Novice: 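Okay, handing you the structure first.
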Amino acid sequence: MAVPIDGTSGVVGRRVADEALLDDVDGLNSTDPGGMLRFTASAGAQVRESAALAADANLGMLSDEGRPRAVVIAGIGTAGRTGDVLATVAGPRCPVPVIPHRSSGVPGWVGAADVVIAVSASGRSPEALGAAQAAARRGARLVAVGPPDSQLQSVAEGVRAPFVPVPRRAPARASLWALTVPVLLAARALGLVKVNEADLAETAARLDADAERCRPAAESFVNPAKALALGLAGSVPIVWGSSPVASVAARRFGDTLSTNARYPVVTGALGEAGRGRVGLLDGVFGGLGESTRDIFADPDDDDDQSESPTRLRLVLLRDGGLNPEDDADEPFVVEERRAEAVQTLADRRGVRCDVITAEGGSALERLASLISVPDFASVYLALAHHLDPMAVPAVSEMKELSTT
């Protein structure tokens, strides 16, 4: 049995995952004192609440000046991911460029013909505040999304710009849907996306259903998130998405694996990976490592763990082709052929592969179906190592060192 390790930053955890803990509800609760599992389960409620808040924010005024030249979504971290979601849901035939922006200020070309959407879970991130202030100076239309009574709200109110007051009920990384829905509805007001109330309702229902499937009381053999977490334990995860929608979900999984479980991870689009990164499957953590693995080794034996090489674990997110008539960058058959090819390559090299296939009738619901289970899996993986997913000292220290 693995013994607890005291890290140099005061973090306590276990090198080897404790599989039994995931089926011990009381143990999970004590290891997750901040309630990250509960926050993750609130995704469906976030969709509903943010949709109602956006409806009261007078986003309709955005259409008064017509279609913009471009839309810039400014934010960092989870707030920055909202721009990726919007760009993907808008699709390749969006009539104007949709540009995520993750640094302070705005691109030099932004002016009165453009719209800037500033997003911040805290309402005080330098990136969102800087973008909002720069948009105001340049005469661009501004929309702001953040907590009520925040610095970001003050900037927006100072130029009479729409502000969607999203209460901070969870850590930023567990607030993706709370921040994303207002961004999508602002884009709808501008005529850039076709997200409707039915899409939002179905997405919220999908997130609720996945939260039920992934609940702590559901045992590992019926809980897809626990099963995924146990499969990833002790590995270097590679997460690839077969389509633009799936690629956004892959990068989101990378975010949560890094922050919640503290795992190094490679993420991206499968099309791009096929031009080079697929070579990882042949390397010392892939086929070479698997060729020397002792299949009879005890995974709970610390000595076996220290001698066996770290291995890759591939997670493939597939869009599913439920809406092949949707606008796409490339034919659906190309995405499917590529996904089948990488699964074959992994199998030939002995690299384990988990496949999650999207479900749902809209791009937004399909995206939700690819994000929800991995979100839970990242938390369960942290807990299996006896790590508190809420306590990430390096993040706080990085902020302190960067601002002093």
Side-chain angles (χ1 to χ4, degrees), residues 15-17 19 22 220-221 223-243 246-258 260-320 334-358 370-371 373-378 380-382 384-385:
R15 174 68 180 82
V16 180
E19 295 187 16
L22 295 192
S220 299
F221 67 90
N223 186 319
K226 290 182 180 180
L228 180 58
L230 292 174
L232 291 172
S235 72
V236 176
I238 298 179
V239 189
W240 286 329
S242 68
S243 71
S247 297
V248 171
R251 294 186 176 96
R252 162 67 178 180
F253 195 16
D255 294 342
T256 57
L257 280 173
S258 298
N260 291 334
R262 284 72 143 183
Y263 263 53
V265 58
V266 177
T267 67
L270 183 55
E272 182 180 1
R275 299 296 187 269
R277 286 190 175 185
V278 73
L280 288 167
L281 300 179
D282 287 329
V284 295
F285 300 106
L288 286 178
E290 291 293 344
S291 68
T292 62
R293 185 174 67 89
D294 181 0
I295 63 173
F296 300 106
D298 183 354
D300 294 323
D301 190 314
D302 289 343
D303 292 332
D304 285 340
Q305 286 284 333
S306 63
E307 295 297 328
S308 62
T310 302
R311 67 194 190 283
L312 297 180
R313 182 81 177 207
L314 177 61
V315 180
L316 183 59
L317 306 182
R318 300 182 63 165
D319 202 349
V334 174
E335 294 178 5
E336 287 294 281
R337 190 181 302 125
R338 190 182 289 133
E340 296 291 346
V342 77
Q343 288 179 249
T344 299
L345 289 174
D347 182 64
R348 288 176 179 174
R349 288 153 178 78
V351 176
R352 277 71 169 170
C353 179
D354 297 285
V355 179
I356 301 176
T357 301
L370 293 174
I371 286 177
V373 171
D375 270 5
F376 276 99
S378 71
Y380 282 125
L381 184 55
H385 285 285

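Only heavy atoms go into these numbers, but all of them, side chains included; no hydrogens, no water, no symmetry mates. What you see is a predicted model, and the numbers here were worked out from it, not measured in a lab.
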Novice: For residues Gly254 and Ser258, report the shortest heavy-atom separation together with the two atoms involved.
Specialist: O-OG, 2.9 Å
Novice: Are Leu317 and Val239 close enough, and set up right, to give a side-chain contact (heavy atoms from CB on, under 4.5 Å), and what steps lead you there?
Specialist: CA-CA 7 Å; Leu317 306 182; Val239 189; 4.1 Å; yes
Novice: Measure the shortest side-chain to side-chain distance between Asn223 and Phe376 over non-hydrogen atoms and say whether it is less than 4.5 angstrom.
Specialist: no
Novice: For residues Leu381 and Ala229, report the shortest heavy-atom separation together with the two atoms involved.
Specialist: CD1-O, 3.4 Å
Novice: Would you compute the distance between atom CG of Leu345 and atom CD of Glu340 and round it to the nearest 0.5 angstrom?
Specialist: 11.5 Å
Novice: Please round to the nearest 0.5 Å and tell me the distance separating atom CG of Leu316 and atom CD1 of Ile238.
Specialist: 11.0 Å
Novice: Tell me, do Leu280 and Phe285 make a side-chain contact under 4.5 Å, heavy atoms counted?
Specialist: no
Novice: Closest heavy-atom contact between Gly241 and Ala250?
Specialist: N-CB, 3.8 Å
Novice: Just checking Arg251: does its CZ atom have more than 12 heavy atoms from other residues, nucleotides or ligands closer to it than 6.0 angstrom?
Specialist: yes
Novice: Under the rule for salt bridge (charged side-chain N to carboxylate O under 4.0 Å, His left out), what residues qualify as partners of Glu272, not counting sequence neighbours?
Specialist: none
Novice: For Arg313 and Ser235, work out which heavy atoms get closest and say how close.
Specialist: CB-OG, 3.4 Å
Novice: Does any N or O in the side chain of Arg277 come within less than 3.5 Å of the main-chain N or O of Arg275, such that one atom is a donor and the other an acceptor?
Specialist: no
Novice: Would you mind reporting whether Phe253 and Ile356 have side-chain heavy atoms less than 4.5 Å apart?
Specialist: no
Novice: Any chance you could measure Asp319, atom CG, to Leu270, atom CG, to the nearest 0.5 Å?
Specialist: 12.5 Å
Novice: What heavy-atom pair brings Leu370 and Ala249 nearest, and what distance separates the two atoms?
Specialist: CB-CB, 3.6 Å
Novice: Roughly how far apart are Arg337 CZ and Ser242 OG, rounded to 0.5 Å?
Specialist: 13.5 Å
Novice: Who are the salt bridge (charged side-chain N to carboxylate O under 4.0 Å, His left out) partners of Asp347, not counting sequence neighbours?
Specialist: none
Novice: Is there a side-chain contact between Arg252 and Asp375, using heavy atoms and a 4.5 Å cut-off?
Specialist: yes
Novice: Looking only at heavy atoms, what is the nearest atom pair of Cys353 and Ala346, with distance?
Specialist: CB-CB, 4.5 Å
Novice: Can you check whether Thr267 reaches Leu257 side chain to side chain, under 4.5 Å on heavy atoms?
Specialist: no
Novice: Is it true that a side-chain atom of Tyr263 and a backbone atom of Thr256 form a donor plus acceptor pair closer than 3.5 Å?
Specialist: no
Novice: Taking the side chain as every heavy atom from C-beta outward, state whether Arg349 and Asp282 have any atom pair closer than 4.5 Å.
Specialist: yes
Novice: Quick one: do Arg318 and Glu335 make a salt bridge, cutoff under 4.0 Å?
Specialist: no
